[in-house]
Amino acid sequence: MDLFRVGKPSSQPIYININRGLFFACALTVFLLAGSICLGGDLAEIKEKGVLRHLGIPYANFVTGGGDGMDVDLVRLFAKDLGVKYEYVPVDWNELFPALIGRKIKVKGTDVEFLEESPVRGDIAANGITVLPWREKIVAYSDPVFPTQVWVVARGDSKIRPIRPAGSLEKDIGEVKKLLRGRTLLGTPGTCLDPSLYGLEEAGAKSLAFRGRLDDIAPAVIKGDAELSLLDVPDALLSLQKWPGKIKVIGPISDRQHMAVAFPKESPELRKAFNRFLQRSKNDGTYLMLVKKYYPYVFRYYPEFFAEMR
Amino acid sequence: MDDPNGRAIAETPTGKGWISRRIVTSRNVALILGGILLVFCVFGLLFLNFRASADLRKNLLRQFRQEAELEEKTVRYFFSDAMGRVNTLSRSREVDVFFENKALGMSMEYGLDLSLPPIKDHFFEVVQYHLFQGRPVFLRIVLIDKHGKLLVDAAKDKDAKPAPSWNSLLSPSHRKATILASPDGAEAMVSTAYSLRGRYEGQIIAWINPTVLVGLLRDDRLPGRISYLTTGSNEIPSMFRESLLSDFRALPDLPASPDAPTEFPLELRDGTTRAMVGIRLPIVGTPYFTVLMADAPHTLGRLTPQHLLVGMSFGTALLLAGCAYLFFLTVKSSLLKERLEHSVLREEALQASEARFRALIENAQDAIVVIDARGAVLYASPSIERVAGYPPAELLGKSVFDLLDSSEMSRNLSLLSLAIASPGAFLPKPREILFRHKDSTCRNLEFVGRNFLEDPRIGGIVLNVRDITERRKAEKSQILLSRAVEQVGEIILITDTEGIIQYANPAFEKITGFSVQEALGKTPRILKSGKHPPEHYRILWDTLARGETWSGNFVNRRKDGTTYEEVAVISPVRDREGRIINYVAVKRDVTGEKLMEEQLLQAVKMEAVGKLAGGIAHDFNNLLTGIMGYSDLLLQGIGKNSGMADNLQEIRKAAERASALTRQLLAFSRKQIIQPKLLDLRAVIADLDKMMRRVIGEDIELSTVPPGDLWKIKVDPGQIEQVILNLAVNARDSMPQGGKLVIETANVRLDDFYARKHQSVKQGEYVMLAVSDNGCGIPREIQHRIFDPFFTTKEQGKGTGLGLSTVYGIVKQNLGYIWVYSEPEKGTTFKIYFPREDGIPEMPPREDRSPAEAARGWQTLLVAEDDDLVRELIRTILSGSGYTVLEAQDGVEAWEIAQRHKDPIHMLVTDVVMPRMGGRELATLFASNRTGAKVLFLSGYTDDSIVRHGVLESGVEYLQKPFRPKDLVQRIQSILDH
């Protein structure tokens with residue numbers, strides 16, 4: 001398998017440093033706003049067009065690929081709320097953000113390098129997208145839609161024993177990192193499962209880039225492509241249900257995270273409209289209904305996230 | 001007693017006997033019998049009713065038990081369903097997922113906890129939706145890990161109180177769902193252990209909804225029944241107890257699992273008691289029991305069969321008692337009426353009765369005598385005159401002892417004493433006395449009697465006397481005849497006209513071997529041997545059918561299978577009307593006589609042949625003496641190298657064979673002169689062993705079976721050797737392919753039985769010589785001819801037919817017996833018996849046959865020989881040997897020569913059988929005339945002049961013809977030298 005190694009910065013790309021180049025940030029904002037007029041659309045334009053295009057990648061139960069999923073249902077309800085048609089636009093992970101913002105990108109740690117233009121194919125991206133710092137640089141997120149975290153998993157018959165929870169997430173992460181030294185670890189660059197986001201190479205893990213669909217990471221671990229893999233909690237929960245005894249959770253590698261719906265930064269009205277819709281859904285139980293439908297057991301893990309809604 | 005009209009009347013109208021006879025009339029008897037029958041019928045019906053009631057009750061109880069079993073089965077099915085459901089939970093994927101993940105070491109915080117909600121959802125789904133009669137079956141289902149930690153709790157009631165200790169509910173042994181009960185039975189649980197890969201991981205417990213159990217047992221399936229559950233200790237769960245105690249003050253303590261329901265009283269809340277029936281059955285596989293109760297009268301009827309029977313019996317008894325009382329009144333009334341009528345008739349009846357008895361006694365065949373205690377006659381019936389010759393009046397007052405035979409006075413007195421000493425007693429067994437008739441003859445009288453001495457109406461001993469003199473005579477005659485028939489030696493057989501044996505005397509048993517009991521009821525065909533054609537029997541029966549006597553012979557078969565011959569005379573026996581009613585057969589066993597006849601015939605035949613052979617042998621021996629003698633002389637004369645010598649040798653060999661043949665003829669005819677010696681037969685056989693092996697050849701195995709100690713016999717040694725060799729040769733010829741020849745000897749005692757079976761045998765001690773082979777055997781049909789001379793089965797030229805006849809002759813000459821036992825293809829055994837002789841055995845040294853050197857003689861010998869040829873030969877031989885020979889043609893001439901001759905005559909050499917004067921007489925005269933002179937007898941065979949029964953007398957010198965010249969010369973020299 002030809003894996004794409006990530007981590008070390010190349011010599012050519014342009015780096016955007018959130019601390020160092022305010023100027024560049026402003027310039028980029030102007031550029032994007034200008035581009036959005038011709039490439040994407042805010043709320044008014046969408047209503048005018050009469051269609052809300054949903055960029056999605058089949059992943060966990062957010063986008064199942066079968067025409068449903070928690071995010072699919074949520075966006076569909078949002079479109080309905082807006083009074084426009086719903087249209088699902090399938091993309092790959094590499095295409096997701098370019099198709100939303102109209103530029104190809106190159107991610108380097110928490111830095112993003114904009115590359116050539118790319119056609120805008122959707123108005124909204126939602127498929128369990130974890131809120132990551134670099135992503136916040138290029139898209140606007142809605143209010144948190146779903147809690148998440150990244151766990152390290154291994155094959156069921158692996159000699160690596162899961163850690164004993166110490167009552168502290170920080171200690172637990174430290175325990176997990178100790179176990180990674182010298183072991184192969186599957187990750188997906190450009191996603192929340194990118195090992196570079198969590199300093200795992202520094203911890204001694206041998207990172208392997210997984211180029212398949214995100215849903216196939218767990219089967220790849222079971223198959224033995226690597227000793228370990230990163231999985232976010234929603235996917236891990238599903239995998240544990242699907243393949244009991246085949247994989248096991250070693251422990252956490254990240255802090256608690258959130259997933260949210262991504263918007264072009266040029267669509268503030270659309271984002272606001274969605275946040276209002278989301279709040280209404282949380283209030284009237286529609287949101288909980290969707291969670292229970294697609295992640296019925298997640299409440300046990302993140303009770304504080306759902307406490308206000310239950 | 002009857003009245004003149006024949007009506008029955010009572011003898012004493014006032015007595016108990018009278019009453020009983022009045023009651024026992026046919027009408028009353030019928031009434032009584034009818035009453036008894038009625039009683040039996042009534043009680044029979046009562047019994048049948050009781051049986052029917054009992055059966056009905058048994059069926060009701062069985063039905064009640066079946067209802068209880070149905071109830072138990074219903075609850076059991078319910079529990080089984082609940083257990084099945086919990087078993088399904090324990091195998092659910094959700095539970096497996098949790099424990100699989102746990103086994104991987106996952107923590108609850110990171111992933112493992114995620115596996116519990118699906119379990120809970122599943123459990124809750126079961127609690128929620130598994131219903132029975134609209135009610136949830138389970139109130140709560142929990143999953144506990146093996147450390148007693150509650151993992152999942154799915155309760156219908158959110159406020160379900162926790163169990164006091166989850167640890168207490170762990171039960172690894174319950175691998176399959178099991179029903180558990182709390183001590184009071186109120187909580188019923190289904191518990192099952194969960195194991196992953198054989199390792200215990202936790203427990204699933206489900207609480208059964210008690211209202212479901214109540215509903216299960218309180219439905220309307222069994223109307224009128226009360227059912228509930230109990231524990232093994234008969235605790236009633238609260239959900240049942242409260243309801244039951246609202247109706248009853250206390251609940252029964254029923255036995256567990258009885259064969260039949262129990263009946264018991266139960267006190268109701270209102271203080272009344274109700275008879276109940278109930279049964280308590282265990283619910284298989286659970287700690288619970290079902291109890292089914294019902295109101296006993298409704299279920300089983302108001303009365304038990306026993307109560308019903310007692311009640312009906314009592315009522316019936318009252319009814320019957322009333323009937324009996326009415327009957328008694330009726331009978332009493334009838335008796336009073338009849339008693340009046342009877343008193344009128346009684347007198348007439350008495351008179352008629354007396355007349356009747358008098359006529360009876362006076363005309364009776366037997367005499368009736370009444371005597372007093374001293375024997376004096378008080379009364380004698382007219383018949384006594386016929387019996388005793390005395391008119392009754394003459395006997396009155398006389399003592400009966402004066403009339404009895406004095407020889408048996410003491411016995412008569414004791415009989416009378418016995419009668420007197422037993423007042424009122426019978427002498428029922430007839431006693432016999434000898435009575436002196438008036439005509440002075442002695443008569444046999446038989447009497448029976450009864451002692452009425454204490455009866456004032458009679459005052460004596462009544463004797464019933466009968467004259468049995470003629471009967472006694474007939475019996476004696478019969479006994480005599482019977483004894484004769486029983487003891488006669490001939491069979492006497494009486495059959496009916498169908499031939500069925502009615503009688504057989506003891507001789508039948510003795511001769512046939514069949515017991516009389518075996519023969520009775522059978523026909524004489526049991527003796528049939530099959531030797532007679534059917535025609536023989538047909539003629540017999542035709543003769544008998546004509547009423548004529550048949551006589552003839554039968555060969556019959558004994559019980560042991562052997563046959564015997566009998567001469568039978570069979571005659572019909574007729575009754576007075578001349579009809580044939582039986583046949584009597586008198587049969588005499590003539591088997592022995594027949595055998596004797598045959599043996600006599602055989603002996604006569606042998607004697608005749610022997611005489612013929614002896615006569616021939618005499619002439620033959622003279623001729624052979626000449627042939628052999630002259631042949632030897634010629635050979636001596638011409639020398640062995642002459643061309644004629646071979647021819648002369650052939651002549652001499654032919655003569656020797658003829659001589660041997662002649663010796664056999666003499667042996668067979670028992671004319672051979674023998675010299676018996678006391679011998680040990682074993683030594684003879686041992687001496688012959690080598691020769692026999694040479695004779696029989698290598699293909700035949702010879703074995704001798706010597707006894708431990710063998711008696712001695714006195715026989716001619718040469719002859720016994722000849723016997724053994726002849727039998728050995730005979731055996732050899734019967735085994736051309738080889739075989740086994742066994743020679744045995746033994747001491748035997750031939751007893752009377754053997755002697756009777758073999759007519760010619762004398763009982764005594766014998767030495768047996770048995771020669772057996774396993775050759776081709778001798779066919780039965782020729783066995784009686786094998787000892788005949790010249791009888792042979794061999795090819796012409798292979799045998800002379802004299803071998804066995806010679807053996808026979810020798811055995812007989814030595815006073816022995818010979819028998820042959822042979823079966824074709826199995827072999828033959830010859831058994832020879834020689835009489836035992838006591839003494840020391842002598843085995844004469846074998847004759848030294850080496851020719852002695854012929855010495856020349858000088859003495860004068862007188863030769864008397866009627867045969868010219870022999871005489872001339874003797875003269876030639878003796879003259880040639882240097883002797884002076886005086887010749888005579890017979891005894892008379894020899895005696896004359898002896899008287900004339902003045903010089904010494906040293907020896908008389910004489911033939912034994914000669915005309916005018918034989919050799920014996922001549923020798924006697926010669927010895928008296930010339931003291932010390934020697935005598936040598938020559939003979940081919942001899943009469944009894946020098947031998948006794950063929951045995952040479954002691955001191956007699958004898959030379960058998962034919963002899964060779966040198967034998968004669970050596971013998972003469974030997975006698976003269978001694």
Side-chain angles (χ1 to χ4, degrees), chain A residues 148-169 171-173 175-176 179 218 221-222 230-254 256 291-293 295-303 306, chain B residues 87-129 141-147 149-155 158 162 193-202 204:
Chain A
T148 185
Q149 191 177 16
V150 177
W151 285 349
V152 174
V153 300
R155 271 169 60 109
D157 58 357
S158 170
K159 291 181 179 174
I160 306 169
R161 292 283 299 171
I163 63 157
R164 282 178 178 276
S168 159
L169 182 58
K171 288 181 182 175
D172 289 348
I173 291 171
E175 284 298 312
V176 172
L179 295 173
V221 174
I222 294 170
L230 299 179
L231 274 186
D232 61 15
V233 169
D235 198 13
L237 297 183
L238 291 179
S239 297
L240 288 171
Q241 289 291 320
K242 280 183 186 173
W243 300 291
K246 301 290 184 186
I247 61 169
K248 57 187 175 185
V249 177
I250 302 300
I253 205 64
S254 76
R256 294 284 167 82
V291 173
K292 282 181 181 174
K293 180 179 177 185
Y295 292 100
Y297 310 123
V298 76
F299 302 104
R300 193 177 184 91
Y301 274 89
Y302 302 105
F306 298 101
Chain B
N87 274 332
T88 306
L89 287 179
S90 72
R91 294 192 293 270
S92 68
R93 173 180 165 76
E94 290 81 356
V95 178
D96 286 343
V97 167
F98 172 79
F99 285 107
E100 288 279 2
N101 288 338
K102 187 181 178 192
L104 296 176
M106 286 170 57
S107 59
M108 296 292 272
E109 286 82 352
Y110 301 112
L112 182 59
D113 200 22
L114 177 69
S115 308
L116 293 176
I119 299 174
K120 184 171 182 177
D121 287 354
H122 192 179
F123 283 11
F124 196 75
E125 189 181 340
V126 172
V127 170
Q128 195 79 16
Y129 299 112
I141 304 175
V142 300
L143 171 64
I144 311 165
D145 73 5
K146 61 185 176 187
H147 305 298
K149 182 183 173 188
L150 181 66
L151 297 173
V152 172
D153 185 357
K158 302 239 182 221
Y194 177 84
S195 298
L196 182 67
R197 290 189 275 280
R199 201 173 62 188
Y200 177 65
E201 292 292 347
I204 297 173

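This is a predicted model, so every value here is computed, not measured. Every chain is numbered from 1, with letters handed out A, B, ... down the list of sequences.
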(Q) Report which part of D121(B) has an atom under 4.5 Å of a heavy atom belonging to chain A: side chain, backbone, both, or neither. (A) side chain
Q. If you take all heavy atoms of R93(B) and K242(A), which pair is closest and at what distance?
A. NH2-O, 3.6 Å
Q.
Report which part of I163(A) has an atom under 4.5 Å of a heavy atom belonging to chain B: side chain, backbone, both, or neither.
A. both
Q. Counting a contact as any heavy-atom pair under 4.5 Å apart, which residues of residues 233-241 of chain A contact chain B?
A. L237(A), L240(A), Q241(A)
Q | Nearest atoms (heavy-atom pairs only) where G245(A) meets L104(B) | A | CA-CD1, 3.4 Å
Q. What part of L112(B) is in contact with chain A, defined as an atom under 4.5 angstrom from a non-hydrogen atom: side chain, backbone, both or neither?
A. backbone
(Q) For F99(B), give me all partners under ring pair (Phe, Tyr, Trp, His ring centres under 6.0 Å), at least two apart in sequence or on another chain. (A) Y194(B)
Q: Mind ranking G105(B), G111(B), P118(B), A103(B) by heavy-atom pairs under 4.5 Å with chain A and telling me who comes out on top?
A: P118(B)
**Q.** Neighbour count above 12 (heavy atom, 6.0 Å) for K146(B) NZ
**A.** yes
**Q.** side-chain hydrogen bond (donor to acceptor under 3.5 Å, both in side chains) contacts touching residues 102-115 of chain B (sequence neighbours left out)
**A.** D172(A)-Y110(B), R300(A)-D113(B), N101(B)-S115(B)
Q) Can you list the residues that meet the side-chain hydrogen bond (donor to acceptor under 3.5 Å, both in side chains) rule with K293(A), with sequence neighbours excluded? A) D73(A)
